[in-house]
Q: 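Below is a structure I'd like to ask you about.
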Amino acid sequence: MSQVKVYTVLCVNSSILMVFYTPGHCWEFRIISRTGGIFGEKKIYYTAEAALTTGLEWLRDEQ
């Protein structure tokens, strides 16, 4: 059974931001763009809030 835990899913300007936890990579985020592209980094965040903040910054910079 997978141990992925989803912290939040947000829709911002037609893009979806998801913050999630996996035992091997701690907290991460991914962005699904309005055209279906998936973006993010294989970077470890030690809190969900840190991953959320970085994801929101990515979305802000995208505009």
Side-chain angles (χ1 to χ4, degrees):
M1 184 161 102
S2 176
Q3 300 225 351
V4 174
K5 295 177 187 176
V6 176
Y7 174 73
T8 192
V9 177
L10 298 173
C11 183
V12 179
N13 297 326
S14 300
S15 292
I16 297 171
L17 170 61
M18 182 172 70
V19 175
F20 58 96
Y21 176 87
T22 60
H25 295 104
C26 292
W27 293 99
E28 297 182 60
F29 73 90
R30 292 295 181 274
I31 297 170
I32 304 171
S33 72
R34 65 188 97 187
T35 59
I38 300 174
F39 304 93
E41 296 177 306
K42 279 287 190 185
K43 185 172 179 184
I44 294 174
Y45 297 93
Y46 292 103
T47 65
E49 292 78 12
L52 178 61
T53 298
T54 303
L56 289 170
E57 287 172 2
W58 273 48
L59 286 171
R60 185 188 67 226
D61 293 342
E62 219 178 63
Q63 296 178 24

Q: For A48 and V19, work out which heavy atoms get closest and say how close.
A: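 In terms of heavy atoms, the two residues are closest at O-CG1, 3.9 Å.
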Q: What about M18 and V4, same hydrophobic cluster or not, with Ile/Leu/Val/Met/Phe/Trp/Tyr joined at side-chain heavy-atom distances under 4.5 Å?
A: yes
Q: Over 60° means perpendicular and under 30° means parallel, so tell me whether W27 and Y7 are parallel, tilted or perpendicular.
A: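 Correct class here is perpendicular.
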Q: Rounded to the nearest 0.5 Å, how far does CG of L17 lie from CZ of R30?
A: 11.0 Å
Q: Compare every heavy atom of C26 with every heavy atom of Y45, then report the nearest pair and how far apart it is.
A: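 Looking at all heavy atoms of both residues, the closest pair is O-CB, 3.4 Å.
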Q: What is the distance from atom CD1 of I32 to atom CZ of F39, rounded to the nearest 0.5 Å?
A: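 Rounded to the nearest 0.5 Å, the CD1-CZ separation comes out at 10.5 Å.
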Q: Nearest 0.5 Å please: distance from the CG atom of L59 over to the OG atom of S14.
A: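 Going from CG on L59 over to OG on S14, the span is 11.0 Å.
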Q: Where do S33 and S15 come nearest, in terms of heavy atoms and distance?
A: CA-OG, 3.8 Å
Q: With rounding to the nearest 0.5 angstrom, report the CZ to CG distance, R60 to N13.
A: 12.5 Å
Q: Determine whether I31 and V12 make a side-chain contact, defined as any pair of heavy atoms from C-beta on separated by less than 4.5 Å.
A: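 Of all side-chain heavy-atom pairs linking V12 with I31, none is under 4.5 Å.
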Q: What's the shortest heavy-atom distance between E41 and E28, and which atoms?
A: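 Nearest pair, atom of E41 first, then E28: O-OE1, 3.9 Å.
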Q: When you group the ILVMFWY residues by side-chain heavy-atom contacts below 4.5 Å and let the links chain together, are I38 and V6 in the same group?
A: yes
Q: Grouping I, L, V, M, F, W and Y whenever their side-chain heavy atoms are under 4.5 Å apart, do V9 and F29 come out in a common cluster?
A: no
